[in-house]
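Lettering follows sequence order; numbering is per chain, from 1. None of these values were measured; they are calculated from a predicted model. Any value given below was found using the heavy atoms of this structure, including those in side chains, with hydrogens, waters and symmetry copies removed.
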Number of protein chains: 2
Amino acid sequence: MQADHVIRALSALAQEHRLAAFRLLVQAGEQGVAAGVLAEKLDVPPSSMSFHLAQLANAGLVTHRRESRSIIYSADYTAMNGLMGYLTENCCAGMSCSEDAACLPSPERKTA
Amino acid sequence: MQADHVIRALSALAQEHRLAAFRLLVQAGEQGVAAGVLAEKLDVPPSSMSFHLAQLANAGLVTHRRESRSIIYSADYTAMNGLMGYLTENCCAGMSCSEDAACLPSPERKTA
DNA sequence: TCCATATTTCTATATTTGTCGAATCATTGG
DNA sequence: CCAATGATTCGACAAATATAGAAATATGGA
């Protein structure tokens, strides 16, 4: 992951509503959350939510799929891992989180 | 570390020059780097560099001390750890970097 | 004290970002 | 095909951010 991409990811997360949305998506796991649900939960008008989700998508942090009338967003754990990797490698003093430590795609979890 | 603070930290890093500066500061370790040196290395006018360093300082990611005529900036590893901690806990799927994994303050290193 | 160096603050300006209603597009059910 | 639902795009505007020269503020040396 290169600096340019990292900056987009950081910018994407550096905003109240987007950080909150991303957190919800991470909690939701693979199944994801519909745009409208996010808008409602975060108390943000649909058009604004759409704007923010587009930014997250542009940064590669989320993916989306249509499901009937809804568009379901889900967190992209690989991208998040990439970001974390960059930060630990470049913005921490050398070592830290080991190779195998990573953002896991909520594998067998079903709680949230 | 709470969301509000996290957002300021992310915003601080979400900028080309600031990310680059922070990386240099992390590499430099405890001894830090003078504002002017950063400005020169990044090819940014002093006033602009000052602006960016103020943002990093405001986000708590760097500290500064005067040393003769220079003002030396250094990365605050504790703050960076806090940020990483928040991200792993809230933006990754549950577990990942274990408790002991962290951004170390370049302990006995002297290379850079 | 006077000058040079190192930085910051001030000021103005250009650019980017966030907001949100209205209009538009896609999908489903009747 | 038409209406209803869920979401995005458009457009206008407000607010925050980035840039950088000029002026102001420390510090150290002659």
Spacing of [atom1] belonging to [X] relative to [atom2] belonging to [Y], to within rounding of 0.5 Å:
X	Y	atom1	atom2	answer
B/M84	B/E89	CE	CD	12.0 Å
B/Q55	B/H17	CD	NE2	12.5 Å
A/L83	A/D76	CG	CG	11.5 Å
B/L13	A/L13	CG	CG	11.5 Å
A/H5	A/Y86	NE2	OH	12.0 Å

query = Using a cut-off of less than 4.0 Å, is there contact between a side-chain N or O of B/S70 and OP1 or OP2 of D/dT27?
reply =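 For D/dT27, neither OP1 nor OP2 has a side-chain N or O of B/S70 closer than 4.0 Å.
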message = So, does B/Y73 get its side chain near the phosphate of C/dA6, meaning an N or O under 4.0 Å from OP1 or OP2?
response =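 Answer is no, no contact under 4.0 Å.
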ask   = Looking at DNA chain D, which of residues 50-69 of chain A put a heavy atom within less than 4.0 Å of it?
value =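 Contacts with DNA chain D under 4.0 Å: A/S50, A/R69.
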query = Got a sec? Which of residues 5-22 of chain B come in under 4.0 Å of DNA chain D, heavy atoms?
reply =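 B/Q15, B/H17, B/R18, in order of number.
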Specify the separation, in whole Å, of atom [atom1] of [X] and atom [atom2] of [N].
X	N	atom1	atom2	result
B/I71	D/dA26	CD1	C1'	8 Å
B/I72	D/dA26	CD1	P	18 Å
B/M49	D/dA18	CE	P	12 Å

query = Using a heavy-atom distance cut-off of less than 4.0 Å, which residues of residues 39-47 of chain A contact DNA chain C?
reply =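 Contacts with DNA chain C under 4.0 Å: A/P45, A/S47.
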request  = Check step by step if side-chain contact (heavy atoms from CB on, under 4.5 Å) holds for A/V37 and A/L24.
outcome  = CA-CA 10 Å; A/V37 174; A/L24 288 176; over 6 Å; no
Closest heavy-atom pair and its distance - B/V33, B/A28 =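 In this case the closest contact between B/V33 and B/A28 is CG2-CB, 3.4 Å.
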query = Run the side-chain contact (heavy atoms from CB on, under 4.5 Å) check on B/S74 and B/E30 step by step: do they pass?
reply = CA-CA 6 Å; B/S74 2; B/E30 299 290 323; over 6 Å; no
Flag side-chain contact, heavy atom, 4.5 Å: A/F51 against A/R18 =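 Side-chain contact under 4.5 Å: yes.
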query = Is A/H64 atom NE2 crowded by more than 12 heavy atoms from other residues, nucleotides or ligands, each under 6.0 Å away?
reply =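 No - once you tally the heavy atoms of other residues, nucleotides and ligands closer than 6.0 Å, there are 12 at most.
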query = Please walk me through it: do A/I71 and A/R65 pass side-chain contact (heavy atoms from CB on, under 4.5 Å)?
reply = CA-CA 6 Å; A/I71 293 189; A/R65 64 181 191 275; over 6 Å; no
